[in-house]
There are 2 protein chains.
Amino acid sequence: MVAVRKVKSYGGVMGISERKERQRAELREQILRVAREMVVKEGFGALSMRKLADAVEYAPATLYLHFENRDAIARELCVRGFGEFLAALEPGARVKDPLERLMAMAAAYVRFGLEHPETYRLIFLEDARLSTELFRDAPDGAGPRSFALLAGVFEDLKAAGRLAEDASPTRLAEVTWAGLHGIVSLKLTCAAFQETTAEELQASLVETLVYGLPGLKGEKPARARR
Amino acid sequence: MVAVRKVKSYGGVMGISERKERQRAELREQILRVAREMVVKEGFGALSMRKLADAVEYAPATLYLHFENRDAIARELCVRGFGEFLAALEPGARVKDPLERLMAMAAAYVRFGLEHPETYRLIFLEDARLSTELFRDAPDGAGPRSFALLAGVFEDLKAAGRLAEDASPTRLAEVTWAGLHGIVSLKLTCAAFQETTAEELQASLVETLVYGLPGLKGEKPARARR
DNA sequence: GTCTATAGGCTGATAGAC
DNA sequence: GTCTATCAGCCTATAGAC
């Protein structure tokens with residue numbers, strides 16, 4: 001963004017205050033950039049005001065002129081993390097056919113989680129208060145919009161008459177989301193299941209959710225297929 | 001456990017050392033009991049040697065006579081947590097019919113996670129190194145055995161000829177596990193999806209995994225139903 | 001705006017007296 | 001075995017000089 005001069009020559013009062021404003025915003029941005037780097041490299045717990053100040057080559061006290069406290073930095077990083085997450089889902093969400101779209105979005109979800117583990121951690125695993133706040137207090141934020149993209153799959157299926165009358169798109173979206181989240185977070189926090197890669201698990205999850213257990217035979221309980 | 005006397009009268013050397021041994025074990029047990037309480041109440045991060053020492057009314061240094069360091073306490077708590085988890089799954093695992101068993105175990109899994117959030121956190125969400133170690137280095141530990149119980153559902157289905165020839169019980173178990181883990185961990189770390197309770201999500205997850213999307217119509221991609 | 005200096009916490013862990 | 005005392009380090013946040 002280029003500064004707009006408010007007086008004709010040499011800048012002047014407005015020019016100076018604008019430059020200051022710009023420099024201030026730049027420093028703020030730099031702090032966030034470096035903070036993000038630290039979180040991505042060493043995890044969220046390793047983000048400390050001292051180390052951050054060192055890294056941007058300012059005194060710790062200076063950080064407090066730009067952010068109220070450490071939490072404010074974390075919150076900002078979290079907001080941006082949700083933005084990146086949404087951006088990662090969007091290409092897949094443009095696929096026409098709902099089932100293909102579901103597969104594409106699921107793949108994008110898992111890929112994002114594996115490629116940006118610390119970002120994923122930050123927004124979904126780190127601080128319950130933070131992510132809950134961001135979901136609840138910003139209905140138009142990137143978090144809710146990401147969920148809406150996924151819910152769209154099931155809404156479209158239902159609108160096309162391809163789902164049962166009493167099927168709940170929201171609930172199906174939540175179940176799918178939970179499944180994907182489970183795959184990613186098991187890989188991130190407990191790499192216990194070595195037998196199957198996350199991508200394979202994701203493919204199996206979607207396929208099984210859509211079509212049921214492969215080749216299932218036998219009597220079905222009364223309340224099934226509702 | 002009642003002490004067995006090795007000499008006939010008044011106790012004697014062996015009796016004294018046994019009493020000491022017993023007292024030592026009792027203190028160790030008390031430390032773990034209090035540590036568990038602290039973790040359950042305030043979270044794993046809040047477990048500090050000083051506060052723990054305060055709570056058991058010993059000096060901090062005393063703890064180090066019973067545990068090498070803080071990690072050793074965490075590891076012990078984790079092992080016991082897996083034990084509790086396994087115990088929670090076992091009743092459901094005794095159900096005869098595989099599909100009913102799946103439902104019972106899924107319900108038990110989610111119930112355990114919601115009723116013992118801090119234990120669940122400790123064993124599945126807290127420290128990747130810790131739980132991974134416990135899974136990998138103790139193939140007969142409670143963690144792997146829990147997974148084996150779940151895998152049994154799909155092995156039994158396949159053995160009964162109720163699944164496709166090329167279906168992988170292990171993979172289906174991993175997918176199911178991931179789904180359940182996702183439900184619990186979303187509730188614990190990001191209570192964003194308020195619309196549906198964890199129990200409802202769990203029921204929908206199992207039903208959808210077993211039978212597919214409710215009333216799905218439309219052409220299926222070639223590779224489906226494999 | 002930026003600095004130095006520091007307050008006032010917390011932490012895990014240990015040396016050495018008793 | 002248990003204690004006191006303490007080391008050595010981390011942390012967030014702020015007061016006050018420049």
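We name chains A, B, ... by the order of the sequence lines, and we start the count at 1 in each one. Here the structure is a predicted model, which is why all the values come from computation and not from measurement.
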query: Under the side chain to side chain contact (heavy atoms under 4.5 Å, CB included) criterion, do A/V40 and A/H116 qualify, and how do the steps go?
result: CA-CA 8 Å; A/V40 166; A/H116 311 283; over 6 Å; no

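For A/T62, taking side-chain heavy atoms from C-beta onward, the closest of the listed nucleotides C/dG12, C/dT2, D/dG1 is C/dT2. In the set C/dT2, D/dA15, C/dT14, the nucleotide with an atom closest to the side chain of A/L27 is C/dT2. Of the listed nucleotides (D/dA13, C/dA13, C/dT4), C/dA13 has the atom at the smallest distance from the side chain of B/N69. With D/dC3, D/dC11, D/dT2 as the choices, the nucleotide that has an atom nearest any side-chain atom of B/H66 turns out to be D/dT2. Of the candidates D/dC11, C/dC3, D/dT14, the closest approach to any side-chain atom of A/S48 belongs to D/dC11. Out of D/dT12, C/dT2, C/dA13, the shortest distance to the side chain of B/M49 is found at C/dA13. Distances from the side chain of A/Y58 to the nucleotides C/dT2, D/dT4, C/dT4 place C/dT2 closest.
Atom CG of A/L47 is separated from atom P of D/dA13 by 11 Å (rounded to the nearest Å).
Residue A/E195 qualifies as open at atom CD: its count of foreign heavy atoms under 6.0 Å is 12 or below.
Ring orientation note: the planes of B/Y109 and B/F124 are close to parallel, at an angle under 30° on the 30°/60° scale.
Residue side chain A/R50 reaches the base of D/dT12 through a donor-acceptor N/O pair under 3.5 Å, judged by distance alone.
Using a 4.0 Å heavy-atom distance criterion, B/R24 is classed as a sugar-phosphate-only contact. When heavy atoms are screened at a 4.0 angstrom cut-off, B/L63 is found touching no nucleic acid atom at all. Across all strands shown, A/I73 has no heavy atoms under 4.0 Å from either base or sugar-phosphate atoms. Contact annotation for A/L52: no contact, since no heavy-atom pair falls under 4.0 Å across all strands.
Nearest-nucleotide assignment on DNA chain D puts the 5′-proximal partner with A/A46, out of A/A46 and A/A61.
B/R101 approaches B/A93 most closely through the heavy-atom pair CD-O, 3.5 Å.
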